[in-house]
Amino acid sequence: MDRYSPSELEPKWQEEWEKAGVFRARRDESRPKYYVLEMFPYPSGRIHIGHTRNYTMGDVIARYKLAKGFNVLHPMGFDAFGMPAENAAMEQGVHPGKWTYDNIATMRAQMKPMGFSIDWSREFATCDPEYYAQQQALFLDFLEAGLVYRKAAVVNWDPVDMTVLANEQVIDGRGWRSGALVEQRELTQWFFRISDMAEELLEGIDRLTAWPEKVRTMQRNWIGRSEGLQFRFETVGAPEGFETLEVFTTRPDTLFGASFAAIAADHPLAKALETDPEIAAFNAECRRMSTTEEARETADKKGIDTGIRVRHPFDPDWELPVYIANFILMDYGTGAIFGCPAHDQRDLDFAREKGLPVTPVVSPGDEGFTIGDEAYTGPGRMINSRFLDGMEVEEAKSEAIRRIEEAGQGRGVVRYRLRDWGISRQRYWGCPIPVVHCPACGIVPEKKENLPVRLPEDVSFDRPGNPLERHPTWADTSCPACGGKARRETDTMDTFVDSSWYYARFTAPRAPTPTDPDEAAYWMNVDQYIGGVEHAILHLLYSRFFARAMHRTGHLPAKAVEPFDALFTQGMVVHETYSTRGPDGRPRWHLPEEVERDEKGARLRDGTKVEIGHATKMSKSKKNVVDPDDIIRNFGADTARWFVMSDSPPERDVEWTAAGAEATHRHLARVWRLVRTIASEEVREEAPGEAATALLKATHRTIRSVTEGIEGFAFNRAVASLYQFTNTLAHTDAQAPGMAQARRFAARTLAQLMQPMTPHLAEEMWAMLGGEGLVVTAPWPEADPAMLADETVTLPVQINGKRRAEIVVPRGAGREAIEAAARADAAVQKALAGREPRKVIVVPDRIVNLVI
RNA sequence: GCGGGCGUGGCGGAAUGGUAGACGCACGGGUCUUAAAAACCCGGGCCUUCGGCGUGGGGGUUCGAGUCCCCCCGCCCGCACCA
């Protein structure tokens, strides 16, 4: 080879790694393990350059830890169940399974040329019957442990597609696919009891110190703990069965500021009152509003007086009106509140609307304190509050709770925003829920020996609805308990279930049980998890719940209840957009390869001027996409890997540019040529001269900075110091005393330090330089502390904080010596102009500051 | 509204409270070449010089602030009628 040719050397080295089996992970109690995992992809069709960045980061860590002597587990799989496969089935008539497995084959074939250090022998897809069989076994264990239950719940129902929709799939009250008006329906569904673990999941966050603060905060907010008082109002004039009204409040201190009570439109009492057509109409209106995000944001406070009254808990003669109001949510607290307008903005808006009294009960102590259009929510002392008067807010809260508890009207409680996790989906392409509905025995779990409950192959998607439900025979079965005729559950599990435990399955992907205890004990936890911040809440919270549930059911060790020790959320790869105006005035988007750029701007090949848009997330619709296959073909995998690690810090977005990719490739070619030159140089036994020593020192400094960069997830800084080192090395004179040896050592070290980022080129360099074995298995170089320090240091000398001179002094020189050297400097003397400094600050090896 | 983060050259970005702008991209100049590309070398924050000014703006702490504190402005992300 006479030039850098990635298309030749990359496949060659991948073959060598494969032959040596260097990425095959085996349990080895004698070595410390390291488990690095990137969030596995959904097989949507093709790999995206964003995936490439994500997996390269994980690969850099994995290869670095391998070199550091860890027994590394770095697996990959596919999150393969989900809606897009069914959409493809409806649109193209292809079976979801075929569509999915074809995509997996494509994406695996795209990933392999990237040279990732993945143990492919552990690969699985969540739609593999071997995987979902174990998921069904977990479900049965959870059911037995009381972690799963069934209840009726209100869902968004699309009457055309005949399916349940997630809130995100409802746009302006209509189904995102069908456009049909979405109905609220009550269906009996399966739930995981995640809310039972709310406190545990909340407390656990405190220990996740290697997670981004942002994600921890998001999870805390999502769990949404609040302390307060739950109590019963006595009602006056309510229908039978509603003698009391239960409400929740976090402000029991403001009870004497109450001027009304309000309930949600879905509250049982509100429903009971629907015999009144006016109330029925109001409730219907509220329900409709609740499905459209936009309406909810802008909606005014509305309410309807029920005519019912409630007695104040501290004064039976004090009655408050009860409204049905559009801003009360049925699924938080008890779906009923008492309104204290002076100290809650929503209550105040509502009170102003309805002309209700506004009584301040907390005073900040200011002169002339009144409530205008803004509620007062700050601290202060109680006023207008009888026995609470004069107390601070916190004290008043405790006292109010104590009195209510004493009177037996309620109690102090802790509430969470976190709801139980509904997992039933009326879909085909998901994991079947392994239970049977028996007319005699009711709900009966399937026997474990009958797992998996397999999805049928012969299904059609020509009609809306759930193909499992309308399959002629699939649901027909016998009851595992009585043996009589019974019907299978036709709902499948939410695909978030699949991804909630795959990390555990990777530790023993072929085990006949969900996990293998020895393998799980050895490999868990995931030491470093890497993925997009879009999974900050749901996936990561569900996984934390699952790990706990798997521990309770004996599938994971206690240490694994927090499965991810460290989390890193990486930024996206973005690209600028190119558009022209179509005849209809709308923008027409163009692929990067259709556009020619110069200093004046960009144009199409036919000369049409192109408008350049800001770099945004790559999307097919805006055509600002880069296909990794093209990059590999043109420049090689190492260029793609080096590029996505350069410049931008990994947590931020990186902008892909064609010019940047070319420049990266040129740099790698330069490294290749430099190493080839050095490899051809004859090495003589020779003591290192001054220049050779300087190079050796630079080498050790680079070892330190690259190591720190990788350890600290600052790959861009590691790359920068490698650029700098390459420049230093290239400018050395091979003829200088001892330089041939120093250059060879430097070049070998360069190969080792580049290996995590550009593994193929690094192997080639290593081989050219006569390195032993593969560089991927060579131990990581250690920086020699003795080689890190120079004998002299250059210190800036400041006069009044402004830099006026530089002095060179021996490293570790004392304060007196440094001060003397500074005073002796000509520039310093000029600046001092004979004046005597009032104060002298000397920080050895750092700086001198003279104050005059 | 609540929470989190960010603001540094033309651009991406460096900088344990200690020489702001490392490194890269783009740009300009040069060497080589018939020419171009590649390769190699050199250059640059701003202002008119001595010198001064510079990290969104304003204050403060400090011998010394991009970094710490207070106030303000702008941008990004998440949650959102949560009682």
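Atom set for the values below is all heavy atoms of this structure, side chains included, hydrogens, waters and symmetry mates excluded. Proteins come first, then strands; the chains are lettered A, B, ... in the order of their sequence lines, and each starts at number 1. These figures come from a predicted structure and were not determined experimentally.
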Of B/C63, B/A80, B/U19, the nucleotide closest to the side chain of A/Trp222 is B/A80

A/Arg666 near the nucleic acid: base, sugar-phosphate alone, or nothing, with a heavy-atom cut-off under 4.0 Å? sugar-phosphate

Identify, between A/Ala730 and A/Ile841, the residue whose nearest nucleotide on RNA chain B lies closer to the 5' end. A/Ala730

Among the nucleotides B/C82, B/G24, B/G4, which one has an atom lying closest to any side-chain atom of A/Asn727? B/G24

Taking the C1' atom of each, how far is B/G21 from B/C72, in whole Å? 27 Å

Could you tell me whether A/Arg216 contacts a base, only the sugar-phosphate backbone, or nothing, with contacts defined as non-hydrogen atoms closer than 4.0 Å? nothing

Report which part of the nucleic acid A/Val843 touches: base, sugar-phosphate, or nothing (heavy-atom distance under 4.0 Å, all strands). base

Under 3.5 Å on both distances, the Watson-Crick or G-U partner of B/G28: B/C42

Measure from the side chain of A/Arg673, starting at C-beta and using heavy atoms only, and say which of B/C81, B/C41, B/A39 lies closest. B/A39

Summarise how protein sits on nucleotides 8-16 of chain B as a single string, 5' to 3': B when a protein heavy atom is under 4.0 Å from the base, S for sugar-phosphate-only contact, - for no contact. ----BSSSB

Please give the nucleotide sitting opposite B/G7 as a Watson-Crick or G-U wobble pair, both distances under 3.5 Å, or none. B/C73

Using purine N1 to pyrimidine N3 plus N6-O4 or O6-N4 for Watson-Crick, or N1-O2 and O6-N3 for G-U wobble, both under 3.5 Å, which nucleotide pairs with B/C2? B/G78

Among B/C77, B/A22, B/U19, the nucleotide that comes nearest once only the side chain of A/Lys214 is considered: B/C77

